[in-house]
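Heavy-atom basis, side chains included; hydrogens, waters and symmetry copies ignored. All values reported here derive from a predicted model rather than from experimental measurement.
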Amino acid sequence: MANNLVEFTPAAASNRSSEETTRILLVDDQPIFREVARSLLEQDGDFDVVAEATDGTDAIEQVFSVQPDVVIMDIQMTVMSGIEATRHI
């Protein structure tokens with residue numbers, strides 16, 4: 001199962017100190033992908049998955065709610081694609 005991912009990094013992320021963790025929003029309609037990605041990312045102390053979303057509409061709401069540094073987003077999802085959600089973000 002291949003995932004096509006789009007990454008969005010706001011300018012604010014580049015102003016972080018090296019001691020802070022990178023706050024990540026995971027967006028994918030497959031729960032197993034989100035679970036594995038969260039586990040792998042959080043093994044490294046530099047990353048903190050602060051929220052998950054299951055489609056593009058939820059991703060837009062989460063971005064403005066939790067203000068992550070990075071969004072890791074699947075392109076092909078139900079309701080709204082990752083491409084369309086990235087345009088809105």
Visitor: Quick one: which of D28, I89, V63, I83 gives a side chain to side chain contact (heavy atoms under 4.5 Å, CB included) with M73?
Guide: I89
Visitor: Enter the distance from L26:CG to R34:CZ here, rounded to the nearest 0.5 Å.
Guide: 8.5 Å
Visitor: I need the D74 CG to D29 CG distance, nearest 0.5 Å.
Guide: 5.5 Å
Visitor: If you measure from CD1 on I75 to CE on M77, what distance do you get to the nearest 0.5 Å?
Guide: 9.0 Å
Visitor: Can you list every salt bridge (Lys or Arg N to Asp or Glu O under 4.0 Å) pair that touches residues 78-89, not counting sequence neighbours?
Guide: E84-R87
Visitor: So, using side-chain contact (heavy atoms from CB on, under 4.5 Å) as the criterion, who are the partners of D58 when residues are at least two apart?
Guide: A53, T54, D55, E61, Q62
Visitor: Rounded to the nearest 0.5 Å, how far does CG of D69 lie from CG of L25?
Guide: 11.0 Å
Visitor: Consider only side-chain heavy atoms of I, L, V, M, F, W and Y, link residues closer than 4.5 Å, and tell whether V50 and F64 are in one cluster.
Guide: no
Visitor: Give the minimum heavy-atom separation between I24 and P68, together with the two atoms involved.
Guide: C-CB, 4.2 Å
Visitor: Taking side-chain hydrogen bond (donor to acceptor under 3.5 Å, both in side chains) as the cut-off, I'd like each qualifying pair that reaches into residues 35-44, sequence neighbours left out, listed once.
Guide: R38-E42, R38-E52
